Amino acid sequence: SAEPTMVLRLKFLNDTERLARVHPGDTVGALKRAYFPGQEQQVRLIYQGQLLRDDTQSLAALHLAHNSVLHCHISPHSSAPAPAGPRASADPAHAALDVGSLVLPLFVLMLAVLWYFQLQYRHVFTATATTFLAGLTLLFSFVAFTMYRR
């Protein structure tokens, strides 16, 4: 006979939810592999305030009912030990040269310089260019505030 399926609600920190169809005999590890492939080491599942550490434990042993909520936290880095070798020694240098963190300040600087030139050399800027600059500034402000509001 086929094992009955049940639905679990996977709830993330940003309040989004994902439904997981599982069997009571499935293990915590199988759930992680099925719904977070490649991220199994980074996913933390929490049920009723308890961190589910044992990946070999079955869902039935946890007394999970249909529609139970599992809180999910995905850490940016694996908790597994870092691999030894040339890659491990290159990580600190890579972290120091994170160009992604420079994009926002460079864009702000670029907008500031463009506004300075617009105010100092008004005769060079057409009405279209000034409107575009204002629109770009508004768009960037909106995006920046929605990104950093979370």
Side-chain angles (χ1 to χ4, degrees), residues 1-116 118 128-150:
S1 69
E3 199 175 13
T5 62
M6 62 182 184
V7 173
L8 298 178
R9 293 169 40 211
L10 305 177
K11 189 165 186 170
F12 297 89
L13 292 177
N14 62 1
D15 280 339
T16 58
E17 280 191 18
R18 194 168 155 193
L19 297 179
R21 294 198 179 284
V22 296
H23 300 286
D26 290 348
T27 63
V28 172
L31 174 68
K32 287 181 183 180
R33 281 189 299 280
Y35 289 91
F36 305 97
Q39 296 179 303
E40 296 92 343
Q41 296 298 319
Q42 296 159 267
V43 174
R44 302 283 172 262
L45 297 176
I46 300 159
Y47 177 61
Q48 294 183 338
Q50 296 296 314
L51 178 63
L52 306 182
R53 297 177 193 273
D54 186 4
D55 281 357
T56 62
Q57 191 171 28
S58 74
L59 301 177
L62 295 167
H63 306 294
L64 291 171
H66 180 72
N67 251 351
S68 291
V69 175
L70 285 178
H71 294 273
C72 303
H73 174 260
I74 302 174
S75 60
H77 301 293
S78 172
S79 62
R87 175 100 179 126
S89 62
D91 281 345
H94 177 70
L97 296 174
D98 185 15
V99 179
S101 63
L102 297 176
V103 171
L104 182 69
L106 287 175
F107 201 75
V108 169
L109 180 67
M110 185 182 73
L111 277 175
V113 168
L114 284 172
W115 275 111
Y116 172 79
Q118 199 282 334
T128 306
T130 303
T131 304
F132 180 76
L133 182 59
L136 188 64
T137 303
L138 283 172
L139 177 69
F140 173 74
S141 300
F142 175 75
V143 168
F145 282 118
T146 53
M147 279 177 52
Y148 288 102
R149 192 179 63 183
R150 286 193 250 157

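The shown structure was predicted, so the numbers you read here are calculated from the model rather than taken from an experiment.
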Practice task
Measure across Asp55 and Thr27 and return the closest heavy-atom pair with its distance rounded to 0.1 Å.
Solution key: O-CB, 3.4 Å
Practice task
Answer whether the closest heavy-atom distance between the side chains of Leu45 and Cys72 falls below 4.5 Å.
Solution key: yes
Handout entry: Pairwise distance CG(Leu64) to OH(Tyr47) - rounded to 0.5 angstrom
Key = 5.0 Å
Exercise for the section: Evaluate the side-chain proximity of Leu62 to Val28: yes if any heavy-atom separation is below 4.5 Å, no if none is. Expected result: yes
Problem - Any donor-acceptor pair under 3.5 Å from Glu40 side chain to Gly38 backbone - result: yes
Problem - CZ (Phe132) with more than 12 external heavy atoms under 6.0 Å - result: no
Problem - Gap between atom CD of Gln42 and atom NE2 of His73 - 0.5 Å precision - result: 10.5 Å
Problem - Inter-residue atom distance Leu70.CG - Leu31.CG, 0.5 Å rounding - result: 6.5 Å
Problem - Side-chain touch Pro105/Leu109, heavy atoms, less than 4.5 angstrom - result: no
Practice task
Check Ala34 against Pro37 and note the closest heavy-atom contact, atom names and distance.
Solution key: O-CD, 4.1 Å
Completion exercise
Separation between NZ (Lys32) and CD1 (Ile74), nearest 0.5 Å, reads 11.0 Å
Exercise for the section: Taking all heavy atoms of Ser58 and all of Pro24, pick out the closest pair and write down the distance. Expected result: CB-O, 4.0 Å
Practice task
Please check if atom CZ in Arg9 has more than 12 non-hydrogen atoms from other residues, nucleotides or ligands closer than 6.0 Å.
Solution key: yes
Exercise for the section: Using a cut-off of 6.0 Å, state whether more than 12 heavy atoms not belonging to Glu17 lie near its atom CD. Expected result: yes
Exercise for the section: Run through Val69, Leu59, Leu19 and flag the one making a side-chain contact (heavy atoms from CB on, under 4.5 Å) with Leu8. Expected result: Leu59
Problem - Spacing of His63 atom NE2 and Ser68 atom OG [to the nearest 0.5 Å] - result: 11.5 Å
Exercise for the section: Check the pair Leu133, Leu111 against side-chain contact (heavy atoms from CB on, under 4.5 Å), reporting the backbone distance first and the verdict last. Expected result: CA-CA 8 Å; Leu133 182 59; Leu111 277 175; 3.9 Å; yes
Handout entry: Whether Phe12 and Phe36 hold their rings parallel, tilted or perpendicular, with breakpoints at 30° and 60°
Key = perpendicular
Problem - Approximate separation, where rounding is to 0.5 Å, of Gln118 CD and Thr130 OG1 - result: 4.0 Å
